Each structure stands twice: as structure tokens, then as C-alpha cells.
Amino acid sequence: MPTDTQNLRRVLFVDDDPQFLELTQELMGVFSNGQWEITTAVSASAAFAVLQDHPVDLAVVDVQMGVMDGIQMLSLLNRGYPNVQKVVLTGFANENYRAACLSNGAELFLQKPTNQEGWRSLFTALNELLKYKPEEGFRGVLRRVSIPDVLQMECLARNSSVLEISNGPKQGSIFVEEGQIIHAQIGDRTGEQAFNQLLSMSGGNFSLKPFTEPPARTIEGPWEFLVMEAARQRDEAMSAAAESAPPVESIAPVAGEEPVLIDVETGGPLAAESVAAPAPKTAAATVIPRPAPTGPPPKVEELVICSVHGEVLHQWQCRNVDVWINFFEFVSQRGQRLAQALPLGKFDRLEIQSGDSRAVVIIAADRGVMVKTGKQSVLK
Amino acid sequence: MRASEEAKQRITDWLRRSPSVRGVLVRGVRFADQTFVSDFDSRDYPVGALELAWRSVSDTFQVLTAHRLPPTRLTWVYERSVLHCVRRDDGSILGLFVAKNLVEQSREGVDRLLSEFISLKVSSR
């Protein structure tokens with residue numbers, strides 16, 4: 001059997017059916033003729049434990065594995081292992097779920113094979129995917145992964161670490177030892193009270209540090225319960241705050257600061273707008289003050305500009321920023337993959353016509369931009 | 001509603017019969033059953049890469065539809081080429097790769113092909 005380590009591809013299959021994994025390992029081993037190093041895991045936690053010690057090129061994941069659903073697992077894989085290519089393999093093919101998996105980082109969404117031809121097709125599809133290198137691109141998921149997500153990942157992988165969380169003057173830490181939460185502190189508070197406060201903080205930053213012995217061990221019990229209880233308390237606090245808050249008036253646009261997008265090829269204006277939108281706080285290469293309007297003004301309906309890590313630099317009337325951040329990542333992945341496969345040159349933008357609306361998604365080296373216009377758009 | 005074998009054949013015949021348009025490098029149709037046909041064979045556009053392209057386009061239609069922005073037309077703009085795509089109600093997708101420097105000259109012919117594809121009657125009933 002060939003053992004060309006240079007071309008050896010490492011593939012991890014995750015499924016809660018050990019017999020399916022056994023069959024997969026056997027057949028893929030035969031088809032790959034020794035060119036794949038195949039590992040398997042029977043659960044999400046086992047998969048993260050494997051990934052901790054054995055880097056892989058491709059993770060093939062079943063989406064129905066009880067404790068953690070496929071979307072959640074894809075998010076955690078994206079967060080912890082952004083360079084691992086991800087494929088969903090399922091016996092349950094629902095079109096909406098397929099779309100959700102694709103927009104959450106899955107490169108392929110495939111049906112579990114049921115015959116020899118199906119197994120061969122599965123191998124061909126995965127092997128084709130392995131020919132392409134994962135590209136550095138838009139990784140919005142880094143922003144969207146929450147503190148509970150990171151904790152869940154650390155606990156599932158039975159890691160030992162310290163999660164440091166800061167939000168302005170507030171700073172705290174959560175200590176995880178071999179997958180168990182053993183201590184939390186913020187200010188004078190410790191234990192579950194501190195843990196709940198840390199998980200209730202909105203915004204701020206967090207970072208994972210190597211494990212150090214905590215000053216005390218103040219938390220016991222299953223981590224799943226702690227995370228769920230903190231989420232419940234947070235939901236209750238948010239509901240109470242919403243009930244007591246005064247009604248919020250819609251935000252009026254700021255007049256006189258209308259941006260115009262510049263066509264990256266011609267340097268000319270790409271879109272103008274009839275409705276004023278506030279300019280981004282940071283100067284963006286693609287956005288400049290608008291010159292005097294020359295033609296029929298189009299109507300900008302939504303605008304969002306994000307950093308490559310998914311931080312929103314500017315948004316205007318965007319009804320669901322997270323959806324667009326997911327889509328930036330999807331377009332970045334697909335756009336660059338096509339540029340690798342075909343002689344197209346560098347990916348520039350995707351234009352979407354949808355009924356009366358039109359949207360343009362631009363993935364630049366340092367940001368993603370989406371502008372959606374109404375029927376009167378003059379986008380060319 | 002997926003295209004039947006007969007409908008697929010009619011679409012394939014239409015693709016082969018349609019006059020070429022200056023600037024269009026490759027024309028291809030991907031059907032809802034994931035098979036595809038192309039009217040061009042080139043080392044620059046190998047079958048595996050085209051399969052990837054059509055799949056990416058199909059995924060994009062599906063993801064946007066799930067996000068309540070069902071596209072009627074997608075245009076992928078690259079440094080050297082532009083890929084125009086439309087999807088019929090039966091899930092078939094027409095993709096046209098156009099040389100970037102001939103985008104303007106090809107516009108009319110491309111628009112005609114795309115609208116012909118959308119309105120193509122393929123049912124024998």
C-alpha cells in the first residue's frame with residue numbers, strides 16, 4: 001500500500017453509529033488506496049478530543065447525534081478549527097437543513113450511501129474536495145461564537161483552560177479542568193454567582209489561556225447544567241428588562257452623509273442612494289462621500305460592512321446582520337474555491353437579482369460589504 | 001418539481017442548438033438531479049471543476065432562498081471572467097462564463113440566452 005506521507009490526507013468521520021463508522025473506515029481505506037489516514041469518533045466530544053491531538057484536513061460529520069446538533073457542531077468546528085474542511089453526511093436530507101448547514105460552513109451536504117455506487121460517489125466527492133486548499137477568507141464565525149459555545153467546546157473536548165472575559169472595567173475568569181468547570185470569578189464574586197454574571201455579559205471580549213491552578217475550587221456539578229442554568233437566568237433578566245424598557249422609536253437616518261460605493265474596476269460610483277444613511281465610523285476604502293447625484297436615484301434598502309472576522313463596521317437598516325455575515329463567509333469560501341478550480345482570476349463580487357431587489361456582495365481582503373437596493377437601482 | 005428525462009433532453013437540445021454568443025466561453029446546465037451538460041470541452045474548464053462551479057451556484061441559489069432572498073439571477077464577477085446564472089422553476093440552472101473584456105459586447109446575447117432558458121417550454125403536454 002502506498003505511504004506517500006506528502007500526499008497523505010487526514011480525514012475524520014464523526015457518527016454515533018459504530019457499525020457505520022467501521023464500514024466507512026474499511027471502504028474509504030480501500031478506495032483511497034492508502035492515501036487517506038482515516039480516524040473516527042462516535043460523538044462530538046470524542047471528535048474534539050481527536051482533533052486536539054490529531055490535526056485533520058477534512059471532517060465528515062453526521063448531523064443527528066443527540067447531544068449536539070449539526071449546525072452547532074459546524075459552528076464549533078469553524079471556531080476551533082477554521083482550516084479543517086467540513087462535510088455533512090446524513091440519512092436525513094431536508095432542503096432547509098441543507099441550506100442551513102451550507103451557510104454555516106459545510107462545503108458539502110451529502111446523503112449517506114446505501115449501495116456500492118453510493119460509497120464510490122462519496123469517496124469521489126470527498127477526494128475532489130481534498131484537492132483544494134482551505135483559503136484564508138472571511139471568517140465571520142469568530143465573532144458570532146459565544147462564550148457558552150466556547151465553554152461547550154472546551155468541556156466536550158475535556159480540555160483544561162482558563163477563559164478570560166472582559167467588558168470595559170469588568171474582568172473575570174472561568175477555569176475548566178479536564179472538561180469540568182471548577183471555578184469562576186469576577187470582582188469579589190466567585191462560584192456559580194460569578195459564573196452566571198460572566199455568562200450574562202453582553203458584548204466584550206474573551207480569550208482562552210492555558211490552564212493554571214485557580215485560587216479556589218468553587219464550582220461542582222455537570223457543566224451542561226451550569227451552562228443551561230446561566231442561559232435561563234440570562235433569558236429571564238432580558239425578558240424583565242424588555243418589559244420595563246420604554247418603547248424605542250425608530251432610528252432616523254442622518255442627513256448629509258450619504259455614502260456611495262465605488263466600482264473597484266472603474267473607480268466610478270457603483271450605487272447612489274435616495275435615502276440618507278449614516279456613514280461608517282471607520283474610513284472604508286470602498287465608501288466615500290457622495291458626489292452630486294446625476295441620474296435617477298436608486299433606493300438603498302440595506303447596507304452592511306464587516307471586518308473579515310465578522311465585526312460589524314457599519315450597518316444601515318440591515319434586518320438580520322448575522323444572516324449576511326454567514327453569507328459573506330459562504331460567498332468567500334465558494335468564490336475563492338472557484339477561483340482555484342477555474343482560470344477566472346481573483347474573485348471580486350457576487351451580484352444577486354431577486355424580484356425587485358438587487359444586492360451586491362463584495363469580499364475584499366479586509367472586509368465584506370453588502371448593499372441591497374430597490375427596483376430603481378443603477379448598479380451595472 | 002424536477003425536470004423529467006424528457007425535459008432534460010429538451011433543455012440539452014436547446015443548449016446545443018442555441019447560437020454562440022461572442023465572449024461566452026462556456027455554457028452549461030445543471031439539473032436538479034445534480035447531473036449537468038456543457039457545450040464546451042477545454043483543459044481550462046475540466047469536468048471536475050465545472051461540476052464544482054455548478055454545485056456552488058446551485059448551493060448559492062438554495063442558501064439565498066432559505067434566507068428569503070430567492071434569486072432570479074446571480075452574477076459572479078471575477079478578475080478575468082463573469083459567470084451569469086439563472087434558475088428555472090424545475091431547478092435547472094443555466095450558467096454562462098463570459099470573458100471579462102467582452103462583457104459589454106456579450107450583454108445582449110447573454111440576456112437573450114438567459115431569458116430563453118427561463119421561458120423554454122419543455123413539457124410535452
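Scope of the values below: all heavy atoms of this structure, side chains included, with no hydrogens, waters or symmetry mates. Only a predicted model underlies this, so the values are computations on that prediction, with no experimental measurement involved. Chain letters run A, B, ... following the sequence lines, proteins first and then strands; every chain starts at 1.
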Margin query: Show the nearest heavy-atom pair for residues A:Ala341 and B:Ala49, with the distance to one decimal.
Written below: O-CB, 3.6 Å
Checklist line | Residue among B:Ser81, B:Ala99, B:Cys85 with most heavy-atom pairs under 4.5 Å to chain A | finding: B:Ser81
Next item on the list: Rounded to the nearest 0.5 Å, what's the gap from CG on B:Leu69 to CG on A:Asn320? Could you check?
Entry: 12.0 Å
Checklist line | A:Leu350 side, atom CG; B:Thr75 side, atom OG1 - distance, nearest 0.5 Å | finding: 7.5 Å
Checklist line | Side chain, backbone, both or neither of A:Lys372 within contact of chain B (heavy atoms, under 4.5 Å) | finding: side chain
Margin query: Once you measure the plane-to-plane angle for A:Phe327 and B:His67, does it fall in the parallel (<30°), tilted (30-60°) or perpendicular (>60°) bin?
Written below: perpendicular
Margin query: With a 4.5 Å cut-off on side-chain heavy atoms, are A:Arg349 and B:Val77 touching?
Written below: yes
Checklist line | Reported CG-to-CD distance for the pair A:Leu102 and B:Gln62, which is rounded to 0.5 angstrom | finding: 6.5 Å
Checklist line | Considering all heavy atoms, the nearest A:Arg334-B:Trp76 contact | finding: CB-CH2, 4.1 Å
Checklist line | Atom of B:Tyr45, atom of A:Leu344 and distance for their closest heavy-atom approach | finding: OH-CD2, 4.1 Å
Notebook entry, point to check: Is any side-chain heavy atom of A:Leu342 less than 4.5 Å from a side-chain heavy atom of B:Tyr78?
Noted result: no
Next item on the list: Search all heavy atoms of B:Val63 against all heavy atoms of A:Ala99 and return the closest pair with its distance.
Entry: CG2-O, 3.8 Å
Notebook entry, point to check: Minimum heavy-atom separation for A:Ser354 to B:Pro70, with atom names?
Noted result: OG-O, 2.7 Å
Next item on the list: Name the option with the most non-hydrogen atom pairs under 4.5 Å to chain B; the candidates are A:Ala339, A:Gly355, A:Gly335, A:Ala125.
Entry: A:Gly335
Margin query: Quick check on A:Leu129 against chain B: is it the side chain, the backbone, both or neither that has a heavy atom closer than 4.5 Å?
Written below: neither
Notebook entry, point to check: To the nearest 0.5 Å, what is the distance between CD (A:Glu351) and CZ (B:Arg73)?
Noted result: 9.0 Å
Next item on the list: Can you check whether anything in residues 52-60 of chain B gets within less than 4.5 Å of chain A, heavy-atom wise, and list it by number?
Entry: B:Leu52, B:Ala53, B:Arg55, B:Ser56, B:Asp59, B:Thr60
